[in-house]
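Heavy atoms only: backbone and side chains are in, while hydrogens, waters and symmetry mates are out.
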Amino acid sequence: MRLLLVEDDDHVAAALSAVLAKHGFEVKHARNGEEALQALLPDERCARPPFGVVLLDLGLPDQDGYEVCGKIRKRTSIPVIMVTARADVRSRIHGLNLGADDYVVKPYDTGELIARIHAVIRRPAPGGRPESAQSELRLGRVQIELPTRRVSVDGEGVQLTRKEFDLLALLAQRPGVVFRREQIISEVWRTSWEGTGRTLEVHVASLRSKLRMPALIETVRGVGYRLVAPAAL
């Protein structure tokens with residue numbers, strides 16, 4: 001997925017771009033507001049896909065970041081995450097009122113930032129559904145019906161709790177991809193509280209047991225979990 005990073009500090013942008021690239025993002029760096037707005041214009045000469053999210057620093061040299069956010073929102077519904085050192089509540093409220101989808105305060109943990117990026121990408125766009133939305137997922141013997149929240153193995157229904165289903169659905173939509181613990185906790189439990197880690201372990205163990213497929217969800221030591229592609233089981 002393409003990501004537009006709006007950051008005037010080249011050193012910060014280079015370090016963050018490297019982290020984002022490791023998580024599968026193709027990063028376009030804009031150093032000011034005007035470059036960001038130009039990057040969002042459709043280019044008929046290039047068939048590259050549109051940006052999936054904008055990471056917008058508010059301390060820009062040519063325009064106020066809030067102003068840039070307002071202009072972006074007038075042109076497109078692309079998710080925007082504001083990144084700033086302004087931690088006061090009024091600044092956050094102002095940013096969200098301008099149409100930002102999230103607001104991250106510096107200094108931040110990169111794991112949490114990645115989780116927030118994935119979270120806004122997965123939210124339905126106004127008047128529609130996410131591009132990646134599917135009504136049904138089939139993973140070998142496992143069938144997941146997203147609208148009805150039903151799960152079956154070999155045609156036999158499996159009773160899952162709400163969080164167990166959310167966890168399974170998250171992993172199943174990107175089989176083989178490693179999800180960081182922080183990202184899972186952010187998207188499923190909507191919190192960054194470290195104490196939730198033990199709860200995550202319990203839910204993973206419960207899923208393995210209920211699905212009677214211990215190898216389906218693999219623990220990636222020190223990182224998180226991934227759903228093993230059915231062909232590899």
Side-chain angles (χ1 to χ4, degrees), residues 1-133 174 180 182-183 186-187 192:
M1 174 175 289
R2 299 183 70 210
L3 179 149
L4 179 60
L5 172 61
V6 189
E7 169 62 62
D8 66 316
D9 188 317
D10 287 343
H11 294 292
V12 172
L16 185 54
S17 294
V19 172
L20 291 168
K22 289 181 179 179
H23 286 267
F25 292 98
E26 178 188 342
V27 181
K28 165 70 175 179
H29 176 209
R31 294 173 175 80
N32 54 55
E34 185 58 33
E35 283 188 19
L37 295 172
Q38 288 297 319
L40 290 171
L41 292 176
D43 188 348
E44 296 180 355
R45 299 168 300 176
C46 180
R48 302 180 75 179
F51 293 102
V53 65
V54 176
L55 206 56
L56 174 64
D57 186 86
L58 294 184
L60 301 175
D62 61 335
Q63 302 179 49
D64 183 79
Y66 290 121
E67 180 182 353
V68 175
C69 180
K71 291 178 179 179
I72 292 174
R73 189 50 69 233
K74 289 180 180 179
R75 298 182 181 186
T76 175
S77 61
I78 180 174
V80 176
I81 300 178
M82 288 184 171
V83 182
T84 178
R86 308 174 195 176
D88 60 285
V89 175
R90 288 186 178 181
S91 294
R92 282 181 282 174
I93 292 175
H94 183 46
L96 295 172
N97 284 340
L98 284 172
D101 295 84
D102 206 344
Y103 193 105
V104 179
V105 178
K106 298 179 180 178
Y108 52 79
D109 176 81
T110 54
E112 180 181 359
L113 178 63
I114 296 297
R116 288 176 179 267
I117 291 172
H118 282 291
V120 299
I121 290 173
R122 292 169 60 84
R123 292 174 189 167
R129 299 172 61 193
E131 293 181 3
S132 61
R174 298 180 68 188
R180 291 172 57 92
E182 298 89 346
Q183 178 186 347
S186 174
E187 295 200 32
S192 58

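Here the straight-line distance linking atom CG of Asp101 with atom CZ of Arg73 works out to 5.5 Å at 0.5 Å rounding. Taken from CD in Glu35 to CG in Leu60, the straight-line distance is 10.5 Å, to the nearest 0.5 Å. How far CD of Glu67 is from CG of Leu58: 12.0 Å, rounded to the nearest 0.5 Å. Rounded to the nearest 0.5 angstrom, Ile81 CD1 and Tyr103 OH are separated by 13.5 Å. Between the CZ atom of Arg116 and the CG atom of Asp102 there is a distance of 4.5 Å, given to the nearest 0.5 Å. How far CG of Leu98 is from CG of Leu56: 10.5 Å, rounded to the nearest 0.5 Å.
Minimum interatomic distance between Ser17 and Val27 (heavy atoms only, all atoms of both residues): OG-CG1, 3.5 Å. Pro61 and Asp8 make their closest contact through CD-CB, 3.6 Å (heavy atoms, listed as atom of the first residue, atom of the second, distance). For the residue pair Leu37 and Lys71, the shortest heavy atom distance occurs at CD1-CD, 3.6 Å. Heavy atoms only, all atoms of each residue included: Leu4 and Ala36 are closest at CD2-O, 3.7 Å. Here the closest heavy-atom approach between residue Cys69 and residue Val80 is recorded as SG-CG1, 4.2 Å.
Using a 4.5 Å cut-off on side-chain heavy atoms (C-beta onward), Val6 and Val68 make no contact. Taking the side chain as every heavy atom from C-beta outward, Gln63 and Asn32 never approach each other to under 4.5 Å. Using a 4.5 Å heavy-atom cutoff, the side chains of Leu41 and Arg75 are in contact. Looking at heavy atoms from C-beta onward, Thr84 lies out of side-chain contact with Ser91 at the 4.5 angstrom threshold. Residues Ile117 and Phe25 have side chains in contact (heavy-atom distance under 4.5 Å, counting atoms from C-beta outward). In this structure the side chain of Thr110 never reaches within 4.5 angstrom of the side chain of Leu20, judged on heavy atoms. Under the 4.5 Å side-chain criterion, counting only non-hydrogen atoms from C-beta, Leu113 is in contact with Leu16. Side-chain contact between His118 and Arg180 is absent, with no heavy atoms from C-beta onward closer than 4.5 Å.
Judged purely by atom type and a 3.5 angstrom limit, His29 has no side-chain atom pairing as donor or acceptor with the backbone of Ala14.
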Query - CA sep, side-chain torsions, deciding dist, call: Lys106, Asp57, side chain to side chain contact (heavy atoms under 4.5 Å, CB included) - result: CA-CA 10 Å; Lys106 298 179 180 178; Asp57 186 86; 2.6 Å; yes
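Partners of Arg92 by side chain to side chain donor-acceptor pair (under 3.5 Å), not counting sequence neighbours: none found. A search for ring pair (Phe, Tyr, Trp, His ring centres under 6.0 Å) contacts involving Tyr66 returns His94, not counting sequence neighbours.
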